[in-house]
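One structure is given here, and the rest of the page talks about it.
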Amino acid sequence: MATDLVYAICRMSDIPSQRAQGFQLMRVGDDGKERAWPIIVVRWGRQVFGYENKCPHDGVNLDWERNQFLDPNGMRLMCGKHGALFELGTGMCVDGPCKGHWLNPVPLAVLDEDICVVGVQLAEDAEEDGPDACEEAG
Ligand code: FES
């Protein structure tokens, strides 16, 4: 993994604490091809957690309703279609059809109040779309 790759996707202040937001990124694979790469960013105070927006049991996006990622208590990520529940800080499924499986983690870092994806090659236009994606969902 190339750790010198850093892409800012939004400002820390764009996501309220204890909320999750989706981003539609484009990733460049080892074969040089670009693929849609939807991710979820969870913010909890000063901490951020990133996961691919893809349920381990059926491969669908968790937000059956757009950008609705949390369970009614706001304590877990939830698949809106089948109700699987995932720990916010680990991505482990604690209930539902994929119990014991994990969301794929996305490496994030906070640099100068920007939430950044690190070590992943993104398509250039995704970088420019990032801030827009933040505003659009706010
Ligand atoms: S797709 Fe896995 S619980 Fe919904």
Side-chain angles (χ1 to χ4, degrees):
M1 183 167 83
T3 49
D4 55 335
L5 293 168
V6 177
Y7 295 92
I9 54 169
C10 73
R11 303 286 293 164
M12 188 80 153
S13 56
D14 289 330
I15 306 178
S17 182
Q18 305 186 11
R19 298 292 281 279
Q21 189 169 313
F23 294 90
Q24 301 292 336
L25 304 181
M26 291 293 287
R27 181 175 184 165
V28 181
D30 292 340
D31 56 3
K33 294 206 177 115
E34 296 177 6
R35 286 183 192 85
W37 194 49
I39 70 165
I40 307 164
V41 176
V42 179
R43 180 175 164 215
W44 199 270
R46 299 292 305 163
Q47 297 191 83
V48 290
F49 308 98
Y51 304 102
E52 291 183 352
N53 186 3
K54 193 174 165 189
C55 180
H57 111 267
D58 210 11
V60 304
N61 292 2
L62 297 188
D63 54 329
W64 188 240
E65 289 190 52
R66 195 159 173 264
N67 261 317
Q68 295 296 316
F69 290 107
L70 300 179
D71 73 351
N73 301 323
M75 299 302 286
R76 299 212 167 92
L77 292 165
M78 184 174 84
C79 171
K81 201 170 172 193
H82 319 98
L85 295 171
F86 303 85
E87 289 183 343
L88 292 179
T90 68
M92 186 178 83
C93 182
V94 292
D95 201 4
C98 41
K99 190 170 178 181
H101 292 256
W102 305 72
L103 295 170
N104 280 335
V106 171
L108 298 179
V110 179
L111 302 170
D112 292 335
E113 294 299 306
D114 282 330
I115 299 176
C116 306
V117 174
V118 294
V120 175
Q121 178 76 55
L122 298 183
E124 285 305 322
D125 54 352
E127 196 179 1
E128 285 162 25
D129 286 350
D132 292 338
C134 291
E135 282 161 20
E136 185 190 311

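Sequential numbering from 1 along the given sequence is applied to the chain's residues. These numbers were taken from a predicted model, which means no experiment stands behind them. Numbering of ligands and ligand atoms starts at 1, following listing order.
Taking hydrophobic clusters as Ile, Leu, Val, Met, Phe, Trp and Tyr residues chained together by side-chain heavy-atom distances below 4.5 Å, Ile39 shares a cluster with Met12. When hydrophobic clusters are built by joining Ile, Leu, Val, Met, Phe, Trp and Tyr residues whose side-chain heavy atoms come closer than 4.5 Å, directly or via intermediates, Leu85 is not grouped with Trp64. In terms of hydrophobic clustering, with Ile, Leu, Val, Met, Phe, Trp and Tyr side chains grouped at heavy-atom distances under 4.5 Å, Val42 and Val120 are assigned to different clusters.
For the atom pair OH (Tyr51) and CG (Leu62), the distance works out to 11.0 Å, reported to the nearest 0.5 Å. Atom CZ of Phe86 is separated from atom CG of Asp71 by 11.5 Å, given to the nearest 0.5 angstrom. Interatomic distance, CD1 of Ile15 versus CD1 of Ile9, reported as 6.5 Å (0.5 Å rounding).
At a cut-off of 2.8 Å, measuring from atom 4 (Fe) of ligand 1, the protein N, O or S atoms that fall short of it are Cys79 SG, His82 ND1, waters left aside.
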